[in-house]
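Everything on this sheet refers to the single structure shown next.
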Amino acid sequence: MYKVWIDAGHGGKDPGAVANGVLEKDIALKVSLGIKERLESGYENVQVLLSRSSDVFLELRDRTSRANAAGADILVSIHCNAGGGKGGFETFRYTSASQSSIKLQDTLHKAITAKLGGTDRGQKAQNLHMVRESNMPAVLTENLFVDVAADADRLKQSSVIDAIIDGHVQGIATYLGLSKTKEEKPVTQGRDINVPSKWAETTWKGVTEKGFFDGSRPGATVTREELGTVVSRLLKYVDQKG
Ligand SMILES: [Zn+2]
């Protein structure tokens, strides 16, 4: 069983970067929880341990000492950027990183930029606590700039948060060589069931305007009872048309 340590940056009294109505600590937590959910449900033989799963403050040294004590196989620290950049994505490894850390950074970086698009600021090295004090391969990701308006707008979109989460999940799975779980995934996974799929938008609009469906939860699965209700509405409609 592989142990993946996901470290949501900041938290509690430390919001991290704050601008344009976006708090770095909130994005970091949302992404971390998403990575745990999708990696554990989508792949076999992997457990995700979190520095924090709520809005609490943690010292940097506690984050790395807990990850080291748990014997995690890799560590990924999740952050957003701010301060002087023009926007985009970048990753950090330690200045004298191990070959494994360099490989983890390369794999993660490529997977995330492929999903996220936008400006790629590159794979960088810096003397940061999280990547220096972790005993395992460790990478810190800086997911867009909260103080660049266009990036902040992207961070407010659930599709962009999804892309960030999926990129991390894909990169970690590739690096560790994880196999996908055998059971079929429910069709509702990885999408917002309250928003119709692009391809179904016109049809969904038509059938809700005619009153066959009430318009709620377009992406949810349907029961026999619900199908019966729709059929009865359809029959009534056909009757009225005479
Ligand atoms: Zn940060």
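Every number for a ligand or one of its atoms is a count from 1 in the order of the listing.
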Quiz item: Measuring from I172:CD1 to L104:CG, what's the distance to the nearest 0.5 Å?
Solution: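 One finds 7.5 Å between CD1 of I172 and CG of L104.
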Quiz item: Out of curiosity, Q47 CD to L39 CG, how far, rounded to the nearest 0.5 Å?
Solution: 11.0 Å
Quiz item: Taking side chain as C-beta onward, heavy atoms only, is H109 less than 4.5 Å from F89?
Solution: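 A side-chain contact under 4.5 Å exists here.
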Self-check item: Metal site the Zn ion (ligand 1): N/O/S of E24 inside 2.8 Å
Solution: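 Checking the Zn ion (ligand 1) against E24, an N, O or S atom does fall under 2.8 Å.
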Quiz prompt | the Zn ion (ligand 1) reached by C80 (N, O or S, under 2.8 Å) | solution =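 Checking the Zn ion (ligand 1) against C80, no N, O or S atom falls under 2.8 Å.
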Quiz prompt | Opening angle at the Zn ion (ligand 1) [ND1, H79; NE2, H10; to 10 degrees] | solution =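 About 100°, to the nearest ten degrees.
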Quiz item: Is a salt bridge present between E209 and K205, judged by a nitrogen-to-oxygen distance below 4.0 Å?
Solution: yes
